Amino acid sequence: MLKLFNTLTGRQEVFEPIEPQNVRMYVCGVTVYDYCHIGHARSALVFDVLRRYLEYSDYAVTFVKNFTDVDDKIIKRANEQGVSCDAVTAKYIQAYHEDMGKLGIRAPTEEPKATEHIADIVRLTERLITKGFAYVVDGDVYFEVSKYPDYGRLSKRRLEDLQAGARVDVDERKHHPMDFALWKSSKPGEPAWESPWGPGRPGWHIECSAMSIRHLGDTFDIHGGGMDLIFPHHENEIAQSCGATGKEFARYWVHNGFVQINKEKMSKSLGNFFTIREIFEKSEWSEAVTGEVLRYFLLSTHYHGPLDFSDQALKEAKNALNGFYDLFARLGETGQGSPETDYSLQFSIGFTQEMFRKGMNDDLNTSVALAELQQLKSSINKLLGQGLSTEARRVAREEFRSLGNCLGLFQLDRWQFVVPVSESLLVNIDETTAVPSTLTDTDIELLLEERKKARSQKDFQRADEIRKSLANQGIIIEDKPDGTARWKR
RNA sequence: GGCGCCGUACCCAAGUGGUAAGGGAGCAGUCUGCAAAACUGCGAUGCAGCGGUUCGAACCCGCUCGGCGCCUCCA
C-alpha cells in the first residue's frame, strides 16, 4: 500500500485513487523561456518515478504535464532576442524534450500548452466572476482572496500573516493586496487574445486550473511540483478551481525538495545553477552513462529533502553504478549452477522485491529502494562465486531490469563510460580528460586474441603491453579464470 | 514579523521509541603471472549541544548553537 506525504494535510496518507485502477496525475511543468537546470530535472524525475512505480503497482496512469508558454519572462526574452514569443517557446520546448530524453524521463500522457487552452481559461474566469470570486478592473480580472474562506489551507498561511511580510508594491486597484490576476489586459506588442474584458492574456495561475480540469476532470488524484510552487501558485490554483467548480480539486499534493549548491538553493537569481545540457556537455562519460548517473544521484536522497549537487556526488553515483554494471557483465556470461544456488537466488530476489516495495511504498523512499538493490547485487556476487547457471543469470539480470525500471535504472545493455569516437566528435571535450578511443570493437577483440596467445605462451611482457596500450585509450581488461577476458570502455 | 525545513562516521544517506540499513572513499587480507572485479575483515558505545519524560530515545518534550527555505517569478 503506497503512502504519500500530502502537503494539504501535512501528513503521510495511504494513497487511494478515485477510480480503483486508474490514477490521474497533474504536474506543473516549466515556463519555456530558458534551458532547464538540475532542479527542473529533479522535479521531472521524481514524478516520472512516481508514475513508473504506480504503473509497476498495476495502475493505469493518466499523466499530464503542462508547458507555460505565455508569460512575462517569455515576452521579455523574445524582446531581448528580437524574435517572436512563439520562436522562444518552440526553441525551449524542443530543448526540454531533448534534455528529458537524455535523462530517460518518459513522455507524459498529455503535454498541454497554455496557449492552446485560452478558451478554457476564459470560460473558467467567467465562471469565477459569475460566482462572485473575481472582479474586473480596466480589462484585468482579479481573483478576490477574501471571498475564498479556505485561502491559505495548502501553504498553512493566514491572510493576515501574508500581508505582514508582503514585499511587493500594492496595486491600488486591487481589493486586497493578495488578490491575483486571472486575466491581464495586454500592452501593445504583447501576445493577446480576445476576451469579454478586451484583448489580453491569462494570469499566472489560471492556466494550470484550466488545463488540469480539461484533461483530468474537476477532481483528480495527484498534483505535483516543486516546493516553491506551494505558495502562491498551488494555493491559487486551489482557490480558482474549487471556487469555480465547487468541488474538491486535487486530493494528494506532492512536492519535491530543492537541488542545492553548497547548501544554498539553486536558482537563477543566485546564478548558481547548472543546466542539464551543460552537465552533459562537460561530462567525460558517454551520454547514456551521464543520464543514468544523474538519475542515480537524484534518487539517492528522499524526494522531499534538499539535495546538494557537486562533482564529487556525481562521481560517487557513477562508482556505485559501476558495481551494478560489472555484475551485469558477469550475468551475461554462461555458467554452471546447482539447485542450491538457484534456490538461493530465488529467495534473494523474492526478499528484494518485498523490501523494495516496502521502501517505495513508504512515500517513495528511493534511498531504501536503492539500498535493497545494492544488497541483491552483493548476494548475487556471492552466488556467482559458488556458480550460477546461464538461466539463473538471465533471471537475475531481468530482475534488475524490472525493479530498475521503476527508477529508470539498469536498462543499458552495456556500460560504456568512455565517450566513443562518433559521439566525441559532436561534443566539446575538455582536453585534459581521457583521450577517446578510436578503436572499434573488432580492433579490441583482435588485440585481446593476440594477448590471449601471448599469455598462453607466458609472454607476459607482450600481454602487459597490450593491456597498457588499451588502458591508455580508456579500455579496461578483466581476465577471467578460463583464460579469456572481458573488457569495457 | 509570520510559516516551515535541516544538523546521523572522511563523504553521501536510511532509520522517527527497543538498542545505528546501504553506498562511495580508505586500510588489511583472499584470489590472480600482473591487474581488474569479486569476496572477507576493520571503521559512529554513538546520531549538533545541554536538560527532561521513559524500563528503554538518534527518534518524544524544552532550551541552546549552527545551516537553509518560503512569505516576490522560481522545480
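Side chains included, hydrogens not; waters and symmetry mates left out as well; all remaining heavy atoms used. Residue numbering restarts at 1 for every chain, and letters A, B, ... go by the order of the sequence lines. All values derive from a computational prediction rather than experimental measurement.
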Minimum-distance nucleotide (side-chain atoms of A:Pro232 versus B:A37, B:U72, B:C68):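 Ranking B:A37, B:U72, B:C68 by closest atom to the A:Pro232 side chain puts B:U72 first.
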
Between the base of [N] and the side chain of [X], is there a donor and acceptor pair under 3.5 angstrom?
X	N	answer
A:Arg467	B:C34	yes
A:Lys73	B:C74	no
A:Asp72	B:C73	no
A:Arg158	B:G2	no

Contact pattern, 5' to 3', of nucleotides 19-26 of chain B - B, S or - by protein heavy atom under 4.0 Å: --BSBSS-

A:Phe328 and A:Phe324 aromatic ring geometry - parallel, tilted or perpendicular at 30°/60° bounds: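 A:Phe324 and A:Phe328: tilted rings.
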
Ring-face cation of A:Lys3 near A:Phe15 (centre distance under 6.0 Å, axis angle within 45°):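 The answer is no, since A:Lys3 fails at least one limit relative to A:Phe15.
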
Quiz item: cation-pi between A:Arg11 and A:Trp253, 6.0 Å / 45°: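 No; the conditions do not both hold, so A:Arg11 does not lie above the ring face of A:Trp253.
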
Paired nucleotide for B:G1 [Watson-Crick or G-U wobble; both distances under 3.5 Å]: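 Base-paired to B:C71.
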
Complement of B:G43, any strand, by Watson-Crick or G-U distances under 3.5 angstrom: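 Check on B:G43: unpaired, no WC or wobble geometry under 3.5 Å.
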
Under 4.0 Å between any heavy atoms, over every strand shown, what does [X] touch: base, sugar-phosphate, or nothing? Just pick one.
X	answer
A:Asn256	base
A:Arg462	nothing
A:Gly385	nothing

Criterion ring-ring contact (aromatic ring centres under 6.0 Å, His included) on A:His205 and A:His234, from CA distance to verdict: CA-CA 8 Å; A:His205 317 288; A:His234 288 162; 9.4 Å; no

